[in-house]
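Below is one structure, written out as structure tokens; the observations come after it.
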There are 2 protein chains.
Amino acid sequence: MMTIGALAERAGTSIKTIRYYDEVGVLAPAQRSDSGYRLYDEGALGQLRFVRAAQAVGLSLGEIRQVMALRRQGEAPCRFVLELVERRADELDERIAALGRVRDELRRLAARGRLLDARDCDPDFVCHVVVPAGTAREERRHG
Amino acid sequence: MMTIGALAERAGTSIKTIRYYDEVGVLAPAQRSDSGYRLYDEGALGQLRFVRAAQAVGLSLGEIRQVMALRRQGEAPCRFVLELVERRADELDERIAALGRVRDELRRLAARGRLLDARDCDPDFVCHVVVPAGTAREERRHG
DNA sequence: CTAAACCCTCCCCTCGACTGGAGAGTCAAG
DNA sequence: CTTGACTCTCCAGTCGAGGGGAGGGTTTAG
């Protein structure tokens, strides 16, 4: 058994982080010494490594917590994890596509903007690089 | 001159949002009526449209505030905006590439995970879909 | 005159994953 | 016995872009 500091050192993380995982249920409540110190076994190290790997591929602590809970219930979380991984990959595809569209729009604005003269910019619309002349219209987002 | 509610309606945004922009300096401090009501002219509408357009391509309110400040100083912000736009496009390229790498990794994990049997998963490492067997090692991020 | 509809300021809350610090108890070495 | 390293809990704050609501003034239509 090791104290939280030793575990943090071996896992390459911080004491604060481990306490936080304890608090939010990513790690099971630690065993405690007589004086109240958290005590961890080797298993905690494997769990922290899992958290790291899972975070690295974009899983949230909430999702990771669910996985850990399954494991704690004696159930192999593999199927659940596989679904998470596939869903996250799909979400990333969408996200990447959306960012790509924004980037394309930025490139268009930049290309057009390089041809514009600042002297032609109408102060009423702040900057014609972002708001092309003649784009004014009533918006309707809250009504 | 219109009150904040009328402006919000015309701009398709909320009163809260306009007050917030006022507070953080995205909009210049509004003129006030005798009773303290904010009063806006048509210019504010153009400014709100600019904010919307700029946000839509990923500029932050902090950046937008700088642009507005230039405009308020009587300077055409076009060159600054063009730089922001180009820089943001470059950042998005990096971001998209990074997300693509994560997605690729997820696809790899999923493909491999589909071939794994949950019964072979070592509970000590939570789930072998994310942490392939034999990946254990000491990490060193904080020390 | 009164009620509805506006408007004001001020403060707290949201989300995620922590980080920092105060104040206090514990443990190991010299 | 003391000192310093370690640990505990609890509170607060971070970042961005607002949202919710209390408590109180203002304006306008009937």
Side-chain angles (χ1 to χ4, degrees), chain A residues 1-27 29-40 44 47-48 50-68 84 88 91 95 102 139 141-143, chain B residues 1-27 29-40 44 47-48 50-68 84 88 91 95 102 139 141-143:
Chain A
M1 301 300 267
M2 50 191 153
T3 61
I4 195 171
L7 176 61
E9 172 92 5
R10 291 187 59 190
T13 184
S14 74
I15 291 175
K16 280 285 191 186
T17 296
I18 295 175
R19 286 204 196 102
Y20 176 65
Y21 291 170
D22 187 343
E23 182 191 335
V24 299
V26 161
L27 294 180
Q31 219 185 313
R32 299 289 184 128
S33 73
D34 291 348
S35 52
Y37 285 20
R38 289 175 182 80
L39 296 177
Y40 294 96
Q47 289 163 30
L48 284 176
F50 173 81
V51 174
R52 268 229 176 315
Q55 281 188 316
V57 292
L59 300 192
S60 72
L61 284 186
E63 291 162 337
I64 294 170
R65 184 174 45 72
Q66 295 179 15
V67 174
M68 307 294 262
L84 277 182
R88 188 66 21 137
E91 288 169 8
R95 185 102 176 287
V102 170
E139 311 274 334
R141 271 211 317 195
H142 282 253
Chain B
M1 300 299 264
M2 50 191 153
T3 62
I4 195 171
L7 176 61
E9 172 93 4
R10 291 186 59 190
T13 185
S14 75
I15 291 176
K16 279 286 190 185
T17 296
I18 295 175
R19 282 205 275 252
Y20 177 64
Y21 290 171
D22 187 345
E23 181 192 335
V24 299
V26 161
L27 294 180
Q31 217 184 315
R32 299 290 184 130
S33 74
D34 290 348
S35 52
Y37 286 20
R38 288 175 182 80
L39 296 176
Y40 294 97
Q47 288 163 29
L48 284 176
F50 173 80
V51 173
R52 282 265 292 264
Q55 280 188 316
V57 291
L59 299 193
S60 71
L61 285 185
E63 291 162 337
I64 294 169
R65 184 174 45 72
Q66 294 179 18
V67 174
M68 306 294 263
L84 276 183
R88 187 70 18 154
E91 287 168 9
R95 185 101 178 287
V102 170
E139 311 272 336
R141 273 212 317 194
H142 282 255

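Protein chains get the first letters and strands the later ones, always in sequence-line order, with residue 1 at the start of each. Values below: every heavy atom of this structure, side chains too, minus hydrogens, waters and symmetry copies.
With Tyr40(A) as the fixed residue, the side chain to side chain contact (heavy atoms under 4.5 Å, CB included) test singles out one of Asp22(A), Thr3(A), Leu48(A): Asp22(A).
A heavy-atom distance below 4.5 Å is found between the side chains of Ile15(B) and Arg19(B).
The salt bridge (Lys or Arg N to Asp or Glu O under 4.0 Å) contacts involving residues 55-67 of chain B comprise Glu63(B)-Arg88(B), where partners must be two or more places apart or lie in separate chains.
One atom, CE of Met1(A), and another, P of dT7(D), lie 14 Å apart when rounded to the nearest Å. The CZ-P distance, from Arg65(B) to dG18(D), rounds to 14 Å in whole Å. Computed from coordinates, the Glu23(A) CD to dG16(C) P distance equals 14 Å when rounded to whole Å. Per the geometry, CG belonging to Asp22(B) stands 14 Å off P belonging to dC7(C), to the nearest Å. The CE atom of Met2(A) sits 16 Å away from the C1' atom of dC6(D) (whole-angstrom rounding).
Looking only at distances, a side-chain donor or acceptor of Arg52(B) sits under 3.5 Å from a matching main-chain atom of Gly12(B).
One finds the CG atom of Leu84(B) at 9.5 Å from the CD atom of Glu91(B) (value rounded to the nearest 0.5 Å). Rounded to the nearest 0.5 angstrom, Gln31(B) CD and Arg38(B) CZ are separated by 13.0 Å. Rounded to the nearest 0.5 angstrom, Arg10(B) CZ and Leu7(B) CG are separated by 8.0 Å.
Scanning both residues, Gln47(A) and Leu27(A), for their nearest heavy atoms gives OE1-CD2, 3.7 Å. Ser14(B) approaches Ala8(B) most closely through the heavy-atom pair C-CB, 3.9 Å.
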Self-check item: Footprint string (nucleotides 24-30 of chain D, 5' to 3'): B base within contact, S backbone only, - free, heavy atoms under 4.0 Å
Solution: -BBS---
Practice problem: Could you run through nucleotides 9-17 of chain D and give me one letter per nucleotide, 5' to 3': B if any protein heavy atom sits under 4.0 Å from the base, S if only the sugar-phosphate is that close, - if neither? | Solution: BB------B
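Side-chain nitrogen and oxygen atoms of Ser14(B) include none within less than 4.0 Å of the OP1 or OP2 phosphate oxygen of dG18(D).
With dC6(D), dC8(D), dC7(C) as the candidates, the nucleotide lying closest to the side chain of Thr3(A) is dC6(D).
Comparing Leu39(A) and Ile15(B) by the nucleotide of DNA chain D whose heavy atom lies nearest to each, the residue mapping closer to the 5' end is Leu39(A).
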